[in-house]
*Asks:* 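Sharing a structure here in structure tokens format.
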2 protein chains.
Amino acid sequence: MRLSTKGRYAVTAMLDLALNGTQGPVTLADISENQGISLSYLEQLFAALRSKGLVRGVRGPGGGYYLGRDSDEISIADIICAVDEWVEYTRCKRGSQTAHEGQRCLTHSLWDDLSEQIFDFLTDISLHDLVKRGEIREAARLEKKAAAAQVVGLKDQAA
Amino acid sequence: MRLSTKGRYAVTAMLDLALNGTQGPVTLADISENQGISLSYLEQLFAALRSKGLVRGVRGPGGGYYLGRDSDEISIADIICAVDEWVEYTRCKRGSQTAHEGQRCLTHSLWDDLSEQIFDFLTDISLHDLVKRGEIREAARLEKKAAAAQVVGLKDQAA
DNA sequence: GCAGTACCCTACAAAAACAGTCAAGTTTTT
DNA sequence: AAAAACTTGACTGTTTTTGTAGGGTACTGC
């Protein structure tokens, strides 16, 4: 498992798509402006996402990108794996059993366990989950704001 | 949160220290051989770990490194943060409320949520936990092996 | 004093991240 | 039907990060 800015860019871009793609395709130019990512870099990321079937491109005017499948069928791990290449971690060979090799193999397998746990964690979270969670939090925020406004005797003017 | 090979190197090196540091300090040369990391790079990593108090160096012949505190007081997140610089993620300003800025801010906060969850996850796992888990798994493996040997009527000769 | 070790520094090679430019394909408009 | 407008898709170049190499000095046990 690997977690870089590249993966972050890909996830936030996909979030953008999930949020704005309900009414027609979203252009990379829009995402570029929204997210502050260069257009050319987005193109590279979406090439990888497209090859994994996570997005679907539509050419011509009015074109852009759709999600490749429903947002609850796309996990965060899917997205990160698509752009981050996931070099299958170098396994130690069975044969070489020197003290050093054994030690290395042990620490490697301990790390692999950890890595797999993070991966499972991200596999269980879908794009839809993230969006939903954001909506819930936003609703809570607004409610809290309204409540606070009521407490101080205002109507809807709170910062 | 950020998860790179640098962080992995640091964690495996610290695991090495936790496993072998019970009887005297461990030299970087040993870790270099064990883990297959260059001495030069290890020095850089350990400089960062030392500045955060995660390891303690002992000079002179017979010297090396100890863990800075008990292995159950050192979390994986501690180690990764020490070497990976953790650039505090660029927050969006409150003032600018254009449509684009708003959109960016929303996706950023969604990512931040996720990132924080991973961070919490790694904060809850200590070096000691990882080592212990490895021991348990190793014990289970040996037991299984012994059981399998018994089934096929052997004593302790199974591969 | 000598040898082994941490500790500090600069330079450097390779790879990955990131950005600029252009060609190719689609659809709308004339 | 042809041109124009738009957007993907691929290629090339620049900057940043990784990781290595090799020097040196300070400290410490023998």
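Residue numbers start from 1 in every chain, and the chains themselves are labelled A, B, ... in the order their sequence lines are given, proteins ahead of strands.
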*Asks:* What is the distance, to the nearest angstrom, from the NZ atom on A:K6 to the P atom on D:dT16?
*Replies:* 17 Å
*Asks:* List the residues meeting side chain to side chain donor-acceptor pair (under 3.5 Å) with A:T5, not counting sequence neighbours, and say none if there are none.
*Replies:* none
*Asks:* Taking side chain to side chain donor-acceptor pair (under 3.5 Å) as the test, write out the residues that go with B:N20, two or more places apart.
*Replies:* B:D16
*Asks:* Send over the distance from B:L3 CG to D:dT18 P, rounded to a whole Å.
*Replies:* 12 Å
*Asks:* Nearest whole angstrom, please: distance from the C1' of D:dT17 to the CZ of A:R2.
*Replies:* 10 Å
*Asks:* Who passes side chain to side chain contact (heavy atoms under 4.5 Å, CB included) against A:S38, sequence neighbours left out?
*Replies:* A:S40, A:Y41
*Asks:* Output all residues satisfying salt bridge (Lys or Arg N to Asp or Glu O under 4.0 Å) with A:D113, sequence neighbours left out; order by chain, then residue number.
*Replies:* B:R137
*Asks:* Output side-chain donor-acceptor pairs under 3.5 Å for residues 127-134 of chain B, partner residues at least two apart or in another chain, one line each.
*Replies:*
residue: B:D129; atom: OD2; partner: B:S126; partner atom: N; Å: 3.0
residue: B:D129; atom: OD2; partner: B:S126; partner atom: OG; Å: 3.2

*Asks:* Which nucleotides of nucleotides 24-30 of chain C have their base under 4.0 Å from a protein heavy atom (B), which only their sugar-phosphate (S), and which neither (-), written as one string 5' to 3'?
*Replies:* -BBB---
*Asks:* Can you tell me the distance, in whole Å, between the CZ atom of B:F46 and the C1' atom of D:dG19?
*Replies:* 16 Å
*Asks:* How long is the line joining CG of A:L49 and P of D:dA10, in whole Å?
*Replies:* 14 Å
*Asks:* Identify, residue by residue, the members of residues 37-45 of chain A with a heavy atom below 4.0 Å from DNA chain C, and return them in order of residue number, or none.
*Replies:* A:S38, A:S40, A:Y41, A:E43, A:Q44
*Asks:* In whole Å, what is the span from the CG atom of A:L28 to the P atom of C:dA19?
*Replies:* 14 Å
*Asks:* With each end axis built from five pairs of C1' atoms, what bend angle do you get for the helix from C:dG1-D:dC30 to C:dT30-D:dA1? Round to 10°.
*Replies:* 10°
*Asks:* Pairs in or reaching into residues 40-69 of chain B: which pass salt bridge (Lys or Arg N to Asp or Glu O under 4.0 Å), with residues at least two apart or in two chains?
*Replies:* B:R69-B:D78
*Asks:* Rounded to whole Å, how long is the line connecting atom OH of A:Y9 with atom C1' of C:dC18?
*Replies:* 8 Å
*Asks:* Report the residue (A:A47 or A:G63) whose heavy-atom-nearest nucleotide on DNA chain D is the more 5′ of the two.
*Replies:* A:G63
*Asks:* Suppose we screen for side chain to side chain donor-acceptor pair (under 3.5 Å). Which residues come up paired with B:S32, at least two apart in sequence or across chains?
*Replies:* none
*Asks:* Do you know the tightest heavy-atom contact between B:T27 and B:G63?
*Replies:* CG2-O, 3.5 Å
*Asks:* Closer than 3.5 angstrom, by distance alone: can the side chain of B:T12 be matched with the main-chain N or O of B:R8 as a donor-acceptor pair?
*Replies:* yes
*Asks:* Does a nitrogen or oxygen in the side chain of B:T5 sit under 4.0 Å from OP1 or OP2 of D:dT18?
*Replies:* no
*Asks:* Other hydrophobic cluster members with B:I136, side-chain heavy atoms of Ile/Leu/Val/Met/Phe/Trp/Tyr under 4.5 Å, chained?
*Replies:* none
*Asks:* A:Y65 OH to D:dT7 C1': how many Å, rounded?
*Replies:* 9 Å
*Asks:* How is the hydrophobic cluster of B:Y66 composed, in terms of its other members, when Ile, Leu, Val, Met, Phe, Trp and Tyr link through side-chain heavy atoms under 4.5 Å apart, directly or indirectly?
*Replies:* B:V58
